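Below is one structure, written out as structure tokens; comments come after it.
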Amino acid sequence: MFDQAERIFEAPLQYRNFISGEFTDALEGGVISRESPAHGRMVSQYPASTRADAEAAIAAARESFDAGRWAFAYGGERAKVLREVAQSLRRNADDLALVETLETSKPLAASRGEVLFAAELWDYAAGLARILHGDSHNTLGEDMLGLVLREPIGVVGIITPWNFPLLILSERLPFALAAGCSVVVKPSEFTSGTALMLGRYLKDAGLPDGVCNIIAGTGDQVGQAILDSPDVDMVAFTGSTRVGRVAIAASAGNIKKLSLELGGKSPSIVFADCDQEAAIDGVIKAATINMGECCIAGSRLLVEASVAEAFQNRLAERLQELRMGDPLDPTSRIGAIINRAQFDRIAESVRDGVRDGARIVCGGDPENHRGLFYPPTVLADVKPGMSVARQEIFGPVLAVMPFGDLEEAIGFANDSDYGLAAYVWTNDLSKALTCSRRIRAGRVWVNSALQGYPELPLGGFKQSGNGRETGRYGIEEYTELKSVHLHIGPQAERWVEGA
Ligand code: NAD
């Protein structure tokens, strides 16, 4: 992989938009260049699309949806296309993983795992395309049959962030396509490579032109055009709560439906009775996966007071063993932060925490590392009101707060504007079940961390968003229900005569 990366450094990969089945440059001809955060070398150039490109993509999606060829296609036909894309993802897993690693700086093994999991999602959605169905009511009297039709919602805009580019797109796009929607995809301007590669796989799989359009560009140009457009019926937005609010405001224009997957500040809750070594490993995984640039990162550690000091010290010890380095090196677990601005935000959050009274147990010294590598950092003596306990940092930073009993643990866990995920470590079944039921979050892992399955839905409570992706609910999100009232036999009643 080092050789292949070297070739990309010498000749960065060039990408084009995918609109109406054609591969095109931005109308104004501009490009966005992307450097590998870990290597400081240019690796990709994407079209710098503008509003005009976005409008062309939206028009193509609208036309294809209104023509009905995909919207009314047999589910088996849709399933075949989606399965073929899954196969292309598997066949091209090495290339896709390399692009993902060079653009995001996540370790190569993680990138490869994400590509293969993305393929699973396309396969799973293919299955749903065949079983999507409505309902019937045969209990409305002898002269009435009620049908409930499930129809594709229409043109869907999918706007994604930079942290899990192909994976997050695959949690949404195949489900929208399985439902029969037409789509405009806008990936993050920092990591558009794998989304743009997908255009070729969709075309080769035989997706009708215009059903899926993929364009690169910035949020204020392309993203905003999608949010504003009266021709877009729904937007699936994944990103920050700040831009989520922009999406809500823009959706008022044509009252479009929004599915929002936003930020998080998820707790890992460790009870004294749990398997401590397994918990330490799980807590580290949840806090540092993807360099902590993960919406469901376990960035708050709530640990039972009786074991807090020992747990925290052992945690710091184990963290020193986690290898940070070149993401192309198979032994690295932690790569570089996505860009300088994000790196500086992380450093500033840690400084704020220390100023507020938190104590650095380990890490927190980015100046001792080169480039954009931020060391895993544990902050102790954190109080619930501090910004490090409340704000999403989006870096490998863990804020530790001891708790006294189950009630206090649940209180701390729920004392957040967010509600995306929670991790619970205990061997006491009733504690595990009580936490699972009372924590206000979309996903709870018990004695485990971050395992994902296409079968299970994901989404957030509170300011972490609304709507659910994946699982069988994932396809329903992209549908509308319609009731059909079917009269049977002669018309006995007359409206006019009965008056
Ligand atoms: P971001 O909100 O800055 O950007 C997300 C996307 O929105 C990008 O494609 C961006 O170009 C676009 N965008 C920006 N301004 C826009 C505008 N005015 N109109 C339309 N689109 C616009 O988020 P990010 O920095 O890319 O990602 C990090 C954030 O995403 C974190 O807050 C993280 O928690 C969140 N996230 C959430 C989930 C989830 O499933 N809940 C998953 C991953 C990331």
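Just follow the structure's listing: the first ligand is 1, and inside any ligand the first atom is 1. No experiment lies behind these values; they were computed from the predicted model shown.
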Q: Of the side chain and backbone of Val222, name the one, both, or neither that has a heavy atom under 4.0 Å from an atom of ligand 1.
A: neither

(Q) If the contact criterion is a heavy-atom separation under 4.0 Å, does Ser188 count as touching ligand 1? (A) yes

Q.
Distance under 4.0 Å to a non-hydrogen atom of Val243: what atoms of ligand 1 satisfy this?
A. 2 (O), 13 (N), 14 (C), 15 (N), 16 (C), 17 (C), 22 (C)

Q | Partners passing salt bridge (charged side-chain N to carboxylate O under 4.0 Å, His left out) against Arg345 (at least two apart in sequence or in another chain) | A | none

Q: Check each heavy atom of Glu293 against ligand 1 and say whether those closer than 4.0 Å belong to the side chain, the backbone, both or neither.
A: neither

Q: Would you please name every residue forming a salt bridge (charged side-chain N to carboxylate O under 4.0 Å, His left out) with Glu120, sequence neighbours left out?
A: Arg90

(Q) Once you restrict to heavy atoms under 4.0 Å, what part of Leu458 touches ligand 1? Side chain, backbone, both or neither. (A) neither

**Q.** Numbered atoms and elements of ligand 1 in range of Thr238, under 4.0 angstrom, heavy atoms
**A.** 5 (C), 37 (C), 38 (C), 39 (C), 40 (O), 42 (C), 43 (C)

Q) Tell me, do Leu398 and Leu315 make a side-chain contact under 4.5 Å, heavy atoms counted? A) yes

Q: Give the contacting part of Leu262 toward ligand 1: side chain, backbone, both or neither, where contact means a heavy-atom distance below 4.0 Å.
A: backbone

Q) So is Phe164 in contact with ligand 1, going by heavy-atom distances below 4.0 Å? A) no

Q. Would you call Lys462 and Asp417 a salt bridge, taking side-chain N to carboxylate O under 4.0 Å as the test?
A. no

(Q) Looking at Lys257 and Glu480, is there a salt bridge between them, counting it only when a charged N and a carboxylate O are closer than 4.0 Å? (A) no

Q: Please write down residue, atom name and distance for the protein heavy atom closest to atom 13 (N) of ligand 1.
A: Gly219 CA, 3.4 Å

Q) Less than 4.0 Å between a side-chain N and a carboxylate O, is that true for Arg51 and Asp228? A) yes

Q: Please report which non-hydrogen protein atom sits nearest to atom 6 (C) of ligand 1, along with the residue it belongs to and the distance in Å to one decimal place.
A: Thr160 O, 3.5 Å

